Novice: 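One structure is given below, represented as structure tokens, and several questions about it will come after.
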Amino acid sequence: NSTTLKYSDIFDAGKIRRFVRLITEEDFQLAIAAKMNVTKTKMCVHAGTPPPEEVCKFPNHYSDEKTIQYVKKAVRDRKTGTSVLEIEHYRKGGFGTLKAKSLDIDSVWGIKRELYDKFDKLHLALGLPKNYSVFHWRGEVMSADLMRCAHELVISRVTRMGNNSTPVYLMSSFSKITLLQWGGVKYRFQAQQESVNKTLDFLSEHNFRKLDSILTEKDIPDLIFLAVYDLIAAEKASDFITCSGSCGGICNQCNHDGNFPRLAIKARTLVSKTSHKCWLPRRRWWWST
């Protein structure tokens, strides 16, 4: 969406202040008006595939080493006064190399408490039990048979939980509202939206509850909030079942193995919770002679 978000709209700014000093744009303009010796350098920090130019119009440093050198240069060029770095766009992992310098910024991107409170209300509105489970399906696989994948997800649920009646939370990049779809689904499945809708209806009939089923576009000022609520859901769930890593079989056929499940697993690890990295338990084969 076109909404401009600040760091503090999503994250607990108090945590990252242990590492860096945060200032507002208003503070910066006041410093300029007071003719203080301060300058600002705009940049983007991105791990993995660089974002498109329309997302980041400033120097795009998606390599860790390039990020370090750019930051050093911005500071070095200002022999006196104060240098301010304005990060126009950031993706988790963008400061990965800084971990070697005891500055693990990615470890302090804590979601603000108010969003946890909002999720608690959404949890009740979805009709989920107190100890609920989250099933994750990131389906940006063009060759996938969506309905077959949905059936396999139901099988996974019965296998893991022993029943098909308890409501569970579905975390998925698929949505009936195309504007609320995230990831490659939005672009790759435009011509298959009817199939996506039927698949989600099937899962709904089997008590898979999806957050955007009780939200409208007006409830989501930016798509990032869907991702944030999904991460909160995964962290608070009793069980988290995804497809991440070398699962093989139906996981590979139905799932894009991206970073999102790893973020969810890391969030659960930080609160001492384990996760299931494959929809179904790995099969073990025994031979007798």
Side-chain angles (χ1 to χ4, degrees), residues 92 111 116 119-120 122-141 143-176 181-185 196 199-214 226-284:
K92 284 182 72 70
I111 298 170
Y116 279 87
F119 176 78
D120 287 342
L122 295 172
H123 173 196
L124 293 175
L126 282 170
L128 295 170
K130 181 180 179 180
N131 298 317
Y132 63 94
S133 297
V134 170
F135 285 78
H136 176 233
W137 177 17
R138 185 167 179 181
E140 293 104 298
V141 182
S143 59
D145 181 334
L146 297 187
M147 192 57 75
R148 183 195 170 206
C149 292
H151 277 278
E152 293 291 342
L153 196 54
V154 171
I155 292 173
S156 169
R157 178 251 186 82
V158 173
T159 302
R160 294 287 187 187
M161 301 182 63
N163 72 77
N164 195 29
S165 58
T166 303
V168 296
Y169 187 103
L170 174 63
M171 179 194 296
S172 177
S173 48
F174 289 119
S175 174
K176 287 187 174 183
Q181 289 179 343
W182 52 275
V185 165
V196 168
T199 301
L200 292 175
D201 285 340
F202 170 80
L203 289 172
S204 177
E205 291 168 2
H206 287 79
N207 286 312
F208 283 82
R209 307 288 171 83
K210 199 163 185 304
L211 185 59
D212 56 18
S213 66
I214 60 172
L226 280 179
V228 168
Y229 289 137
D230 276 348
L231 282 175
I232 293 174
E235 177 188 325
K236 300 190 73 170
S238 297
D239 293 294
F240 177 67
I241 300 95
T242 184
C243 282
S244 180
S246 56
C247 294
I250 198 65
C251 267
N252 286 3
Q253 295 171 37
C254 296
N255 283 271
H256 169 70
D257 187 14
N259 285 322
F260 202 76
R262 297 181 182 90
L263 295 179
I265 290 170
K266 181 178 180 180
R268 289 177 59 79
T269 300
L270 292 174
V271 292
S272 303
K273 291 182 179 179
T274 58
S275 304
H276 301 289
K277 295 183 179 180
C278 301
W279 280 358
L280 293 170
R282 295 170 185 260
R283 294 183 174 86
R284 294 184 179 180

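This is a predicted model, so every value here is computed, not measured.
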Novice: Minimum heavy-atom separation for I250 to R148, with atom names?
Specialist: CD1-CZ, 3.6 Å

Novice: Testing Y132, Y116, Y169 for ring-ring contact (aromatic ring centres under 6.0 Å, His included) with H123, which one passes?
Specialist: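 For H123, the ring-ring contact (aromatic ring centres under 6.0 Å, His included) test succeeds with only one of Y132, Y116, Y169, which is Y132.
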
Novice: With no hydrogens and no angle check, just 3.5 Å: does a side-chain donor-acceptor pair link R157 and H206?
Specialist: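 No donor-acceptor contact under 3.5 Å links the two side chains.
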
Novice: Please determine whether a side-chain nitrogen of the Lys or Arg among D257 and K277 lies less than 4.0 Å from a carboxylate oxygen of the Asp or Glu.
Specialist: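 A salt bridge is absent here (no side-chain N lies under 4.0 Å from a carboxylate O).
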
Novice: I need the R209 CZ to L122 CG distance, nearest 0.5 Å.
Specialist: 14.0 Å

Novice: Considering only the SG atoms, does C278 lie under 2.5 Å from C243?
Specialist: no

Novice: Take the angle between the ring planes of F208 and F135 and call it parallel below 30°, perpendicular above 60°, tilted in between.
Specialist: perpendicular

Novice: Nearest 0.5 angstrom please: I241 CD1 to L280 CG, how far?
Specialist: 10.5 Å

Novice: A side-chain contact here means heavy atoms from C-beta on lying under 4.5 Å apart; do F202 and V154 qualify?
Specialist: yes

Novice: Distance check, rounded to the nearest 0.5 Å: R268 atom CZ versus I265 atom CD1?
Specialist: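 So the CZ of R268 and the CD1 of I265 are separated by 9.0 Å.
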
Novice: As an exercise, state the distance from CH2 of W279 to CD1 of I155, rounded to the nearest 0.5 Å.
Specialist: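 One finds 10.5 Å between CH2 of W279 and CD1 of I155.
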
Novice: Mark yes or no for whether N207, through its side chain, and S165, through its backbone, hold a donor-acceptor pair below 3.5 Å.
Specialist: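 Checking the backbone N and O of S165 against the side chain of N207, a donor-acceptor pair under 3.5 Å is found.
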
Novice: Which pair of heavy atoms, one from D212 and one from F174, lies closest together, and at what distance?
Specialist: OD2-O, 4.3 Å

Novice: How long is the span from the OG atom in S172 to the CG atom in L153, to the nearest 0.5 Å?
Specialist: 8.5 Å

Novice: Just by distance, do the side chain of N255 and the backbone of R138 share a donor-acceptor pair under 3.5 Å?
Specialist: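 The answer is yes, because a donor-acceptor pair under 3.5 Å joins these two groups.
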
Novice: Compare every heavy atom of A144 with every heavy atom of Q253, then report the nearest pair and how far apart it is.
Specialist: O-CB, 3.4 Å

Novice: Looking only at non-hydrogen atoms, find the nearest pair between P129 and T166 and report the distance.
Specialist: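 Scanning both residues, the minimum pair turns out to be CG-CG2, 3.9 Å.
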
Novice: Looking at CZ of R262 and OG1 of T242, how far apart are the two atoms once the value is rounded to the nearest 0.5 Å?
Specialist: 9.0 Å

Novice: So which heavy atom on S175 is nearest to which on V196, and how close?
Specialist: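 Closest pair (atom of S175, atom of V196, distance): O-CG1, 4.0 Å.
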
Novice: Start with the C-alpha distance between W137 and L146, add both sets of side-chain angles, then the distance that settles side chain to side chain contact (heavy atoms under 4.5 Å, CB included), and finish with yes or no.
Specialist: CA-CA 11 Å; W137 177 17; L146 297 187; 4.1 Å; yes

Novice: At their closest point, which heavy atom of V134 faces which heavy atom of A233, and how far apart are they?
Specialist: CG2-O, 3.7 Å

Novice: Side chain to side chain contact (heavy atoms under 4.5 Å, CB included) for S133 and M161? Distances and angles first, verdict last.
Specialist: CA-CA 9 Å; S133 297; M161 301 182 63; 4.0 Å; yes

Novice: Walk me through it: do K236 and D120 pass the test side chain to side chain contact (heavy atoms under 4.5 Å, CB included)?
Specialist: CA-CA 10 Å; K236 300 190 73 170; D120 287 342; 2.5 Å; yes

